[in-house]
There are 2 protein chains.
Amino acid sequence: MPDLSSRQVSQLPPLQAIRVFDAVARHLSFTKAAGELGMTQAAVSYQIKVLEERVGSPLFLRRPRQIVLTEAGQRLAPAVGEAFAILGQAYAAARAGADGLLCVTTVLTFASNWLAHRLGSFQIAHPALAVRLETSSRMTDFAREDVDIAIRSGGGTWPGLEVHKLLDADFTPMLSPKLAASIGGINEPMDLLRLPILDPGDIWWTEWFSAAGVHSHDLARRPGSSMGAQAYEANAAIAGHGVAILTRALFKAELADGRLIQPFDLVGDDGHAYWLVYPEARRNVPKIRAFRDWLLAEIAC
Amino acid sequence: MPDLSSRQVSQLPPLQAIRVFDAVARHLSFTKAAGELGMTQAAVSYQIKVLEERVGSPLFLRRPRQIVLTEAGQRLAPAVGEAFAILGQAYAAARAGADGLLCVTTVLTFASNWLAHRLGSFQIAHPALAVRLETSSRMTDFAREDVDIAIRSGGGTWPGLEVHKLLDADFTPMLSPKLAASIGGINEPMDLLRLPILDPGDIWWTEWFSAAGVHSHDLARRPGSSMGAQAYEANAAIAGHGVAILTRALFKAELADGRLIQPFDLVGDDGHAYWLVYPEARRNVPKIRAFRDWLLAEIAC
DNA sequence: TATAGCCCATAAGGAGGCCTTATGCCTGAC
DNA sequence: GTCAGGCATAAGGCCTCCTTATGGGCTATA
């Protein structure tokens, strides 16, 4: 049972009535105020009556052709107008501000290998929208962080979130042409084992070699650190430090210009993918729609 | 049918939710805000949710032990606080102001012959209450004039108004002792007709002479102006200019000190009286109660 | 002086906003 | 591991607030 003795309650005016009062004081007409507020004249009359009872004295004098403020009304009106001006402005600003800044959190690799190149076109298409891009490996919790949209990898089922698949997170070995040439070219999967394996503990390696029919039980014993992001491993591979297992869609450019080669057509796929996600309840927020629509269109290209 | 396209409606925030937001932003706690507002935590949660949907973005981040404002919330909170401060102050001032000034309108005679002597004791008893006294012969319309209490004479039935009888408006002739002596004293009613009759058209004269068994059909033909207020006629009578027909209760002092004499015990009474009146709906307004209680106590003396 | 028109007041009735109760979930502390 | 603190959610009911309909008072125009 709440404590009804709270003074705050009785000290604040009935807000709906105050809003109506503001409109009436500006128009000096119940009928016109009703028009502005989108309600009937009767409702305005009712609210003014309520407020007059709460204030303890009439706020308007009812003259034949018009109404005028009483002394009490004259004292109240300017302050009410000012308060609503502040409130309206702040509220509008909050809405606009909410519309004007889009916070996206994404896994590093997607940001650097996909988004970075294309984000410019989004900003050109939506000049009023500022984008704040954060990269994080943690899975963001929308209730706990100030984020509008996330791009994450995983199975694609998160309750309460709307999801759109972006890319399949397939995987296949890649390396620099120079490294491949250093052992006379890569002809069969087993050749890879003669080279340094980047992040050998990655489950993807085990699955890919298994699919290729190669025993790779010694992988786990190899030294090497998991760098935790394909982008890092890709850089190492481009630099010729070893073989990385990467998602094709994220390295189209590197494959196209020859910085990386994909020696085998065989790609693994554990069903994971990259997803665009955001809270279901916010699916119709303009900036979120804008980003989603743009991203899905770009992906489809 | 109201015009629902009015922009104003959608541009203003849901006020109840804003009020709750203000409390939550100050406490940074739903539970504490609920305590301040005198409602349950669930209600606060509901209102914040409503507001967040209307603003289009979360206003608070839900952290384990506490909540924090999002960027949008931080933009909104200070302005909302300021607006409510203005509003609360103005509202309190309006209530206080409404309590601090009492407007009384009264018929002239009652003011000058009864109220004027005694008003001082009311103001001493209620030092915080300023009294504005207006005299008017018109019957005041509470909806049209900025008046709290009226004192009027009449039959005592006015719909929508609370009435308290103050004095019977009886009437009997009065004149100055000097004028009476000028014709050797007043021994019977007919003697009065040998003197100038003040306001001879007054219905009271007709009624009184009739009750006294005197034919006075020539009264109407006498010259003389109705001054419209007993106070004026009384002054004329005191100055020896004629005989006036007055209400005893209003001229106790003059009768006591001999400025006027009442030659006959016979008093007329047409059922009219002086009444204290105010709108029924305002019977419990403090300043009105204070004045009513004081006035009725004084009358009873 | 009669009539039309404007504006506010009031009554009756209904929809929905808003609050409460009850419960669940999550997290951090002991 | 259990408990406590704090927010979220579902179900249900009250009561505020709005609408429709009507009336009254005044002004203006004929």
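Along DNA chain D, the nucleotide closest to A/V44 and the one closest to A/P64 are compared, and the more 5′ of them pairs with A/V44. Checking B/D141 against B/S29, the closest nucleotide of DNA chain D that is more toward the 5' end is the one next to B/S29.
Between the CD atom of B/E53 and the P atom of C/dC18 there is a distance of 12 Å, rounded to whole Å. In this structure, B/K49 atom NZ and C/dG17 atom C1' are separated by 15 Å, rounded to whole Å. Separating the CZ atom of B/R19 from the P atom of C/dC18 is a distance of 12 Å, rounded to the nearest angstrom. One atom, CZ of B/F142, and another, P of C/dA9, lie 17 Å apart when rounded to the nearest Å. Between A/I67 atom CD1 and D/dC26 atom P the separation is 17 Å, expressed in whole Å. Summarising the geometry, the separation between CZ on B/R62 and P on D/dA8 is reported as 4 Å, rounded to the nearest angstrom. In this structure, the CG atom of B/L28 is 14 Å from the C1' atom of D/dG6, given to the nearest Å.
Other residues, nucleotides and ligands contribute more than 12 heavy atoms inside 6.0 Å of the CD atom of B/E280.
Between B/F60 and B/F21, the ring planes lie tilted relative to each other; the angle falls in the 30° to 60° range.
Using a 4.0 Å heavy-atom criterion, one finds that B/T31 contacts the sugar-phosphate atoms exclusively. Contacts of A/Q16 with the nucleic acid, taken as non-hydrogen atoms under 4.0 Å apart, involve only primed sugar atoms and P, OP1 or OP2. When heavy atoms are screened at a 4.0 angstrom cut-off, B/Q66 is found touching no nucleic acid atom at all.
One finds no salt bridge joining B/R292 and B/E162 here, because no Lys/Arg side-chain nitrogen approaches an Asp/Glu carboxylate oxygen to under 4.0 Å.
Between D/dC18 and A/Q47, a contact under 4.0 Å exists linking OP1 or OP2 to a side-chain N or O.
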